[in-house]
Q: 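Take this structure, written in structure tokens, and hold onto it; I'll ask about it next.
So that the names make sense, note that chain A is the first sequence line, chain B the second, and so on, each numbered from 1.
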Number of protein chains: 2
Amino acid sequence: MKEAKTVTIEDVANAAGVSKSTVSQFLNKRYEYMSKSTREKIEKVVEELQFQPNHFARNLKSRKTKMVGIIVANIRHVFSTEIIRIVEQSLQEQGIHVIICNADDNPEKEVAYINLLAARNVDGLIIFPTGANYSEYSRLIDNKIPVVFIDRKIEGILADTVMLDNEAASFLAVSTLVKSNRDRIAMLTLPLTNNLSPRLERIEGYKKALSFFKIDYREELVSACPLINIKEELTRLFESDIKPNGIIAGNDLILKEALSFLKEQKISIPDEVAIIGIDDVSYADIYHPALTTIAQPTKEMGLKAAEIILERIKENTQKVPVVYRFSPELKIRESC
Amino acid sequence: MKEAKTVTIEDVANAAGVSKSTVSQFLNKRYEYMSKSTREKIEKVVEELQFQPNHFARNLKSRKTKMVGIIVANIRHVFSTEIIRIVEQSLQEQGIHVIICNADDNPEKEVAYINLLAARNVDGLIIFPTGANYSEYSRLIDNKIPVVFIDRKIEGILADTVMLDNEAASFLAVSTLVKSNRDRIAMLTLPLTNNLSPRLERIEGYKKALSFFKIDYREELVSACPLINIKEELTRLFESDIKPNGIIAGNDLILKEALSFLKEQKISIPDEVAIIGIDDVSYADIYHPALTTIAQPTKEMGLKAAEIILERIKENTQKVPVVYRFSPELKIRESC
DNA sequence: ATAATTTAATAAAACGGTTTAGTATTGATA
DNA sequence: TATCAATACTAAACCGTTTTATTAAATTAT
């Protein structure tokens with residue numbers, strides 16, 4: 001690999017008594033005009049010499065890297081890592097490699113990664129967008145680089161997108177809380193900067209569900225703030241006269257903050273307040289009480305993302321992009 | 001990037017009125033015999049044309065890919081993802097990219113990835129080894145490919161290794177339990193197949209600590225079995241006459257199984273049994289009771305791994321490999 | 001028998017850089 | 001004056017593939 005002088009296509013050609021071109025045809029499985037005997041001869045030599053084509057030489061001409069890049073807004077969400085695992089496995093089976101980059105919710109890092117992966121000629125890109133780089137996203141689309149977005153839809157960008165039916169998720173959450181007789185339901189999400197679609201939609205779904213169940217919407221019960229301020233917000237809510245008896249945590253990180261708050265304040269679940277989280281968490285089953293959550297079908301979503309990117313890479317179709325909305329799954333446990 | 005006919009080094013050369021070679025020298029920052037004026041001229045043209053060198057053409061001759069591969073035995077351990085995040089960030093700053101591959105504890109997948117990354121000419125490899133591929137590991141070393149192992153030491157392989165002082169971790173665990181007056185301490189780990197160093201060492205440390213504290217070692221209290229059998233083992237232990245009053249969970253996954261068991265059996269922590277986990281877990285603080293854990297200094301370990309691999313890549317030193325042992329950190333919470 | 005077509009293979013030109021060996025030019029040294 | 005060294009640059013080879021254009025031989029059609 002390094003010292004071991006590499007075996008090249010030329011060595012194979014010499015050993016098999018044919019030309020480089022023929023070997024190349026063989027390597028690319030274009031057997032059309034090749035006699036069975038030469039084909040077998042080359043096959044044998046390749047095996048014997050343990051020849052492995054050089055990816056770089058190959059790419060230089062063919063422009064295919066057999067790599068796709070994944071840029072994830074924040075790798076700390078279990079949702080992200082689960083999807084990544086599925087995609088990675090699924091592409092791996094097709095001989096395609098995955099490069100993972102973590103933008104840490106930082107749009108600048110995201111741009112840097114987009115450029116870097118583009119410069120590395122990845123065959124396609126799977127992005128969990130931060131949402132803040134409209135022009136970069138559209139540049140990718142314009143340049144016909146296969147892209148699929150996950151989790152978030154970007155306003156004005158026409159690209160394949162795999163995401164949760166967020167309104168349905170909120171509706172499920174509200175209805176579950178309503179069934180356990182909660183009528184003052186707080187909704188906690190992260191800030192709505194960049195118009196991040198899931199957050200907006202989850203709030204929208206919450207409102208619609210309330211109206212469906214004929215519960216008055218109260219603005220004070222909705223809070224969109226950074227993670228570090230969640231506890232303050234909860235303090236405010238629990239000290240006010242509309243003390244919530246139900247909480248919807250907009251994602252896994254918020255759920256953790258809320259649980260931490262409830263633990264500190266010794267507020268009992270579900271007696272004093274019921275809680276339900278959007279996004280499943282690893283400790284849901286073992287928590288006291290076990291946590292009712294609304295899970296995203298990560299497996300199906302990951303598989304779909306892999307399928308789309310493969311299709312876009314193979315046939316450079318001009319198919320019109322579609323947004324795939326996956327239904328949430330309610331996992332009833334004990335917290336609600 | 002795709003349609004947009006790429007700018008090549010030749011375009012730059014023409015625009016700047018110099019030869020390709022000179023531009024190449026410039027790109028590689030070899031300014032020795034270059035006049036200030038040419039240098040500035042090229043600089044300007046590169047900027048204007050937004051020239052980006054083609055990685056593949058570059059590698060073809062220079063054999064540097066500016067990529068390092070990470071092969072992780074099992075990406076579900078939080079320890080792994082944390083380390084990966086640190087390494088990735090740290091290498092990223094040096095303009096080096098990271099390819100992450102997950103072997104899912106499957107030695108065959110690990111071999112496949114090793115070969116694949118070697119074929120892609122990665123500059124170096126960071127491996128959380130499954131432990132079962134001795135000959136492949138030594139082939140890498142023989143071929144002088146920079147490698148650093150994380151978490152596990154492979155018997156007979158001389159390579160830089162970054163790992164926890166596992167004996168110290170067990171000792172800390174035992175001493176913490178002893179301090180809270182526990183004398184029947186169960187030790188749970190995953191199977192000892194492939195002689196995985198951390199598991200062996202953790203058991204070794206457990207034994208030594210017991211003897212230090214003058215507690216008799218009882219084989220029945222030690223269990224090394226697959227995750228799915230942990231609950232059976234615990235059932236056995238709790239039904240026997242040496243019902244443990246303290247548990248050491250050998251890693252994060254085992255801790256979860258143990259907590260699940262204790263929850264199902266309504267065994268109270270820490271009254272009936274104290275528990276301490278090796279590896280920190282995300283929910284340690286919010287659990288009832290908060291979980292006392294022994295954390296690995298992932299940040300320091302990740303930084304060290306990045307530092308070593310960088311050094312090995314840059315200067316192809318013949319420095320003798322060293323095993324770095326990091327001290328565990330006790331995080332006292334409420335479960336013990 | 002000759003022309004046209006199909007089959008099987010090849011030589012040579014890319015691809016976009018890096019590297020090696022070399023060439024002027026100038027100034028200093030013997 | 002001839003020699004040498006340092007400076008500033010370049011031409012051409014090379015890296016290992018893919019691809020295009022071409023050719024030679026074998027087969028079929030006219």
Side-chain angles (χ1 to χ4, degrees), chain A residues 1-43 45-46 49-67 95 118-121 123, chain B residues 1-43 45-46 49-67 95 118-121 123:
Chain A
M1 325 208 194
K2 222 170 170 191
E3 307 293 303
K5 61 273 162 266
T6 45
V7 180
T8 76
I9 204 173
E10 190 151 17
D11 300 326
V12 176
N14 291 336
V18 297
S19 73
K20 292 199 298 175
S21 337
T22 306
V23 178
S24 177
Q25 302 286 14
F26 171 85
L27 293 174
N28 292 285
K29 305 201 196 323
R30 281 191 285 266
Y31 305 127
E32 289 116 69
Y33 300 122
M34 189 181 305
S35 68
K36 207 177 164 200
S37 65
T38 23
R39 178 174 159 180
E40 281 163 356
K41 210 182 336 169
I42 298 177
E43 203 154 23
V45 173
V46 164
L49 299 183
Q50 294 240 50
F51 169 70
Q52 284 215 301
N54 178 311
H55 286 270
F56 297 89
R58 191 166 242 190
N59 174 259
L60 193 51
K61 193 75 198 184
S62 78
R63 303 283 124 167
K64 293 262 171 194
T65 51
K66 298 251 176 192
M67 285 193 190
R120 284 213 185 269
N121 279 333
D123 292 342
Chain B
M1 325 208 197
K2 222 170 169 189
E3 307 295 301
K5 62 275 160 264
T6 45
V7 180
T8 75
I9 203 173
E10 190 152 18
D11 300 326
V12 176
N14 291 337
V18 296
S19 73
K20 290 201 300 174
S21 338
T22 306
V23 178
S24 176
Q25 302 288 10
F26 171 86
L27 294 174
N28 292 287
K29 305 199 196 320
R30 282 190 285 265
Y31 305 128
E32 288 116 69
Y33 299 122
M34 190 182 303
S35 69
K36 208 177 163 200
S37 65
T38 11
R39 178 175 159 178
E40 281 162 357
K41 211 182 334 167
I42 297 177
E43 203 153 24
V45 174
V46 164
L49 299 184
Q50 295 240 53
F51 169 71
Q52 284 215 299
N54 178 312
H55 286 270
F56 299 88
R58 194 168 238 189
N59 172 259
L60 196 50
K61 190 80 196 187
S62 77
R63 304 282 123 167
K64 293 262 172 196
T65 52
K66 298 252 176 192
M67 285 192 190
R120 282 213 187 270
N121 278 333
D123 291 342

Q: What nucleotide among D:dA11, D:dG16, D:dT19 has an atom nearest to a side-chain atom of A:Leu60?
A: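 Shortest atom-to-atom distance from the side chain points to D:dG16.
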Q: Just compare C:dT19, C:dA9, D:dT19 and give me whichever is closest to any side-chain atom of A:Lys61.
A: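 So the nucleotide nearest the side chain must be D:dT19.
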Q: For A:Asn14 and C:dT10, give me the distance from atom CG to atom P, rounded to whole Å.
A: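 Roughly 11 Å, once rounded to whole Å.
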Q: Would you indicate which nucleotide in D:dC9, C:dA9, C:dG17 comes nearest to any side-chain atom of B:Phe51?
A: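 Minimum distance to the B:Phe51 side chain belongs to C:dG17.
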Q: May I have the distance from B:Tyr31 (atom OH) to D:dC9 (atom P), rounded to whole angstrom?
A: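 Spelled out: OH on B:Tyr31 to P on D:dC9 is 14 Å.
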Q: How many whole angstroms separate atom CE of B:Met34 from atom P of C:dT25?
A: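 Distance, rounded to whole Å: 20 Å.
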Q: Go nucleotide by nucleotide along DNA chain D from the 5' end; which of B:Glu32 and B:Ala57 gets its closest nucleotide reached first?
A: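 Final value for this comparison: B:Glu32.
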Q: In terms of side-chain heavy atoms of B:Ser19, which of C:dC15, D:dT10, C:dA9 is nearest?
A: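 Side chain of B:Ser19 sits closest to D:dT10.
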Q: Under 4.0 angstrom, heavy atoms only, what part of the nucleic acid is B:Ser35 near: base, sugar-phosphate, or nothing?
A: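 Sugar-phosphate, backbone atoms only, no base.
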Q: Map A:Gln52 and B:Thr38 onto DNA chain D by nearest heavy atom, then report which one ends up closer to the 5' terminus.
A: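 It is B:Thr38 whose nearest nucleotide is closer to the 5' end.
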Q: What's the separation between atom CG in A:Asn14 and atom NZ in A:Lys20, rounded to the nearest 0.5 Å?
A: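 Spacing of CG (A:Asn14) from NZ (A:Lys20) equals 10.0 Å.
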Q: Should B:Asn54 be listed as having a side-chain N or O under 4.0 Å from OP1 or OP2 of C:dC15?
A: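 So the side chain of B:Asn54 is outside the cut-off, no N or O lying under 4.0 Å from OP1 or OP2 of C:dC15.
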Q: Rounded to the nearest 0.5 Å, what separates atom CG in A:Leu27 from atom OG1 in A:Thr22?
A: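 That separation rounds to 10.5 Å.
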Q: If you draw a 6.0 Å radius around NZ in A:Lys66, do more than 12 non-hydrogen atoms from other residues or ligands fall strictly inside?
A: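 Atom NZ in A:Lys66 is not packed in, count stays at 12 or less.
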Q: How close or far is atom P of D:dT17 from atom CZ of A:Arg30, stated in whole angstroms?
A: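 Atom-to-atom, A:Arg30 to D:dT17, this comes out as 15 Å.
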Q: Would you say C:dT10 has OP1 or OP2 under 4.0 Å from some side-chain N or O of A:Thr22?
A: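 A:Thr22 to C:dT10 OP1/OP2: side-chain N or O found under 4.0 Å.
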Q: Have a look at B:Val23 and say if it touches a base, only the backbone sugar-phosphate, or nothing, with a 4.0 Å heavy-atom cut-off.
A: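 The answer is nothing, as B:Val23 stays clear of every strand by at least 4.0 Å.
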Q: So, does the side chain of A:Ser21 form a donor-acceptor pair with the base of C:dA11 at under 3.5 Å?
A: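 Answer is yes: a donor-acceptor pair is held.
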Q: Counting any heavy atom closer than 4.0 Å, what does A:Asn59 reach on the DNA or RNA strands: base, sugar-phosphate only, or nothing?
A: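 The answer is nothing, as A:Asn59 stays clear of every strand by at least 4.0 Å.
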Q: Which of the following nucleotides, D:dG16, D:dC15, D:dC9, is nearest to the side chain of A:Thr8?
A: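 From the listed options, D:dG16 comes nearest.
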Q: Taking N and O atoms by type only, does the side chain of B:Lys20 place a donor or acceptor under 3.5 Å from a partner on the base of D:dT10?
A: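 Not at all, since no donor on one side and acceptor on the other fall under 3.5 Å apart.
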Q: Nearest whole angstrom, please: distance from the P of D:dT10 to the CZ of B:Phe26.
A: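 Distance check: B:Phe26 CZ to D:dT10 P gives 15 Å.
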Q: Rounded to the nearest 0.5 Å, what separation is found between the CZ atom of A:Phe26 and the CD atom of A:Glu43?
A: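 Going from CZ on A:Phe26 over to CD on A:Glu43, the span is 4.5 Å.
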Q: For A:Gln25 and D:dT22, give me the distance from atom CD to atom C1', rounded to whole Å.
A: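 In whole Å, D:dT22 C1' and A:Gln25 CD are 14 Å from each other.
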Q: Working to the nearest 0.5 Å, report the span between CG of B:Asn59 and CG of B:Asn54.
A: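 B:Asn59 CG to B:Asn54 CG: 10.0 Å, rounded to 0.5 Å.
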Q: Just how far, in rounded Å, is P of D:dT18 from NZ of A:Lys29?
A: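 Atom NZ in A:Lys29 sits about 12 Å away from atom P in D:dT18.
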Q: Atom CD1 of B:Ile9 to atom P of C:dC15: distance rounded to whole Å?
A: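 Atom CD1 in B:Ile9 sits about 15 Å away from atom P in C:dC15.
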Q: Nearest 0.5 angstrom please: A:Gln52 CD to A:Thr6 OG1, how far?
A: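 Taking CD in A:Gln52 and OG1 in A:Thr6, the distance rounds to 11.0 Å.
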